[in-house]
Amino acid sequence: QVQLVESGGGLVQPGGSLRLSCAASGSIFSIYAEAWYRQAPGKQRGLVAVITRGSSTDYADSVKGRFTISRDNTKNTVYLQMNNLKPEDTAVYYCHLVSRPEYGSNWSDYWGQGTQGTVSS
């Protein structure tokens, strides 16, 4: 089993920055991909950014140029640096991980508990 613990959410003014962290622990042999999703009130959860095991990244159009996803393999932690935040970025942010516990086993996906990011003056 894998556990994901997120941190770094909070309240920030428009134009400000937040840095989210997601630390993974448990039975992890290898990681296929890590991602951040977000869900605003009354809206569906949607992909914000993804980083693959080959370190390729992709972003939602709405955050390109403002958000950066990265990871520290030594800490099994993925980050989301969010700059120039806008009120429409207000949402609960969820970490998502696809991993497997041993070589040749099936891939499984896991979700964090979510962390609130609020952009307001």
Side-chain angles (χ1 to χ4, degrees):
Q1 192 69 346
V2 173
Q3 296 79 40
L4 302 176
V5 178
E6 299 154 350
S7 60
L11 172 65
V12 65
Q13 292 186 342
S17 299
L18 285 174
R19 188 190 192 211
L20 307 183
S21 300
C22 175
S25 61
S27 301
I28 300 173
F29 172 76
S30 65
I31 294 173
Y32 184 80
E34 297 165 283
W36 289 94
Y37 287 73
R38 67 185 180 186
Q39 186 168 19
K43 295 188 177 181
Q44 289 188 332
R45 189 177 300 187
L47 178 67
V48 176
V50 60
I51 183 167
T52 69
R53 58 180 173 176
S55 297
S56 297
T57 59
D58 199 10
Y59 299 89
D61 288 342
S62 59
V63 307
K64 283 181 180 177
R66 300 188 297 123
F67 291 12
T68 302
I69 189 170
S70 62
R71 64 167 175 236
D72 184 337
N73 291 331
T74 65
K75 299 179 180 179
N76 269 351
T77 299
V78 63
Y79 304 96
L80 185 67
Q81 178 66 44
M82 305 188 292
N83 298 329
N84 190 22
L85 283 161
K86 305 175 181 180
E88 52 264 41
D89 294 316
T90 295
V92 177
Y93 286 77
Y94 296 91
C95 176
H96 181 252
L97 171 72
V98 179
S99 68
R100 57 183 178 180
E102 58 187 24
Y103 179 79
S105 64
N106 292 330
W107 298 98
S108 298
D109 70 312
Y110 304 91
W111 290 93
Q113 80 283 1
T115 185
Q116 177 70 46
T118 301
V119 185
S120 175
S121 55

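Residue numbers count from 1 along this sequence. None of the values given here were measured: they were computed from a predicted structure.
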Peer 1: What I'd like to find out is whether the side chain of W36 reaches to under 4.5 Å of the side chain of V78, using heavy atoms alone.
Peer 2: yes

Peer 1: Would you compute the distance between atom OG of S108 and atom CD of Q1 and round it to the nearest 0.5 angstrom?
Peer 2: 8.5 Å

Peer 1: Identify the heavy atoms of S99 and V2 that sit nearest to each other, and give their distance.
Peer 2: OG-CG2, 4.0 Å

Peer 1: State, to 0.1 Å, how close A40 and A91 come at their nearest heavy-atom pair, and which atoms those are.
Peer 2: N-CB, 3.9 Å

Peer 1: Scan L18, N83, T57, L85 and name whichever one has a side chain to side chain contact (heavy atoms under 4.5 Å, CB included) with F67.
Peer 2: L85

Peer 1: Check whether any side-chain heavy atom of Y59 lies under 4.5 Å from a side-chain heavy atom of I69, and answer yes or no.
Peer 2: yes

Peer 1: Quick one: closest heavy-atom pair of L97 and A24, and the distance?
Peer 2: CD2-CB, 4.1 Å

Peer 1: Are Y110 and F29 grouped together when hydrophobic residues (ILVMFWY) are joined by side-chain heavy atoms under 4.5 angstrom apart?
Peer 2: no

Peer 1: Has E88 got more than 12 heavy atoms of other residues, nucleotides or ligands less than 6.0 Å from its CD?
Peer 2: yes

Peer 1: About how many Å separate OG of S17 and CG of N84, when rounded to the nearest 0.5 Å?
Peer 2: 8.0 Å

Peer 1: Could you measure the distance from the SG atom of C22 to the CG atom of N76? Nearest 0.5 Å is fine.
Peer 2: 10.0 Å

Peer 1: Between the main-chain N or O of T90 and the side-chain N or O of R38, is there a donor-acceptor pair closer than 3.5 Å?
Peer 2: no

Peer 1: Does some side-chain heavy atom of R71 sit less than 4.5 Å from a side-chain heavy atom of S55?
Peer 2: yes

Peer 1: In the structure I gave you, are the side-chain heavy atoms of C95 and E34 within less than 4.5 Å of one another anywhere?
Peer 2: no

Peer 1: For the residue pair S7 and T115, establish whether any side-chain heavy-atom pair is separated by less than 4.5 Å.
Peer 2: no

Peer 1: Nearest 0.5 Å, what's the OG-NZ distance between S25 and K75?
Peer 2: 15.0 Å

Peer 1: Do the rings of W111 and Y94 sit parallel, tilted or perpendicular, given the 30° and 60° boundaries?
Peer 2: perpendicular

Peer 1: Would V92 end up clustered with V48 when hydrophobic side chains under 4.5 Å apart are linked, directly or stepwise?
Peer 2: no

Peer 1: Nearest 0.5 angstrom please: L80 CG to T68 OG1, how far?
Peer 2: 8.0 Å

Peer 1: Contact between R19 and Y79 at the side-chain level, heavy atoms closer than 4.5 Å - yes or no?
Peer 2: yes

Peer 1: Restricting to non-hydrogen atoms, name the atom on Q113 and the atom on V5 that form the minimum distance, rounded to 0.1 Å.
Peer 2: OE1-CA, 4.0 Å

Peer 1: So, taking the atom named CD in E102 and the one named OG in S30, what distance separates them when rounded to the nearest 0.5 Å?
Peer 2: 10.5 Å

Peer 1: So E6 and L20, do their side chains get closer than 4.5 Å, heavy atoms only?
Peer 2: no

Peer 1: Should the pair D89-K86 be classified as a salt bridge under the 4.0 Å nitrogen-to-oxygen rule?
Peer 2: no

Peer 1: Taking only residues at least two apart or on different chains, which pairs with a member in residues 24-75 satisfy disulfide bond (SG atoms under 2.5 Å apart)?
Peer 2: none

Peer 1: Linking I/L/V/M/F/W/Y whenever their side-chain heavy atoms sit closer than 4.5 Å, directly or via other members, would M82 and V63 fall into one cluster?
Peer 2: yes

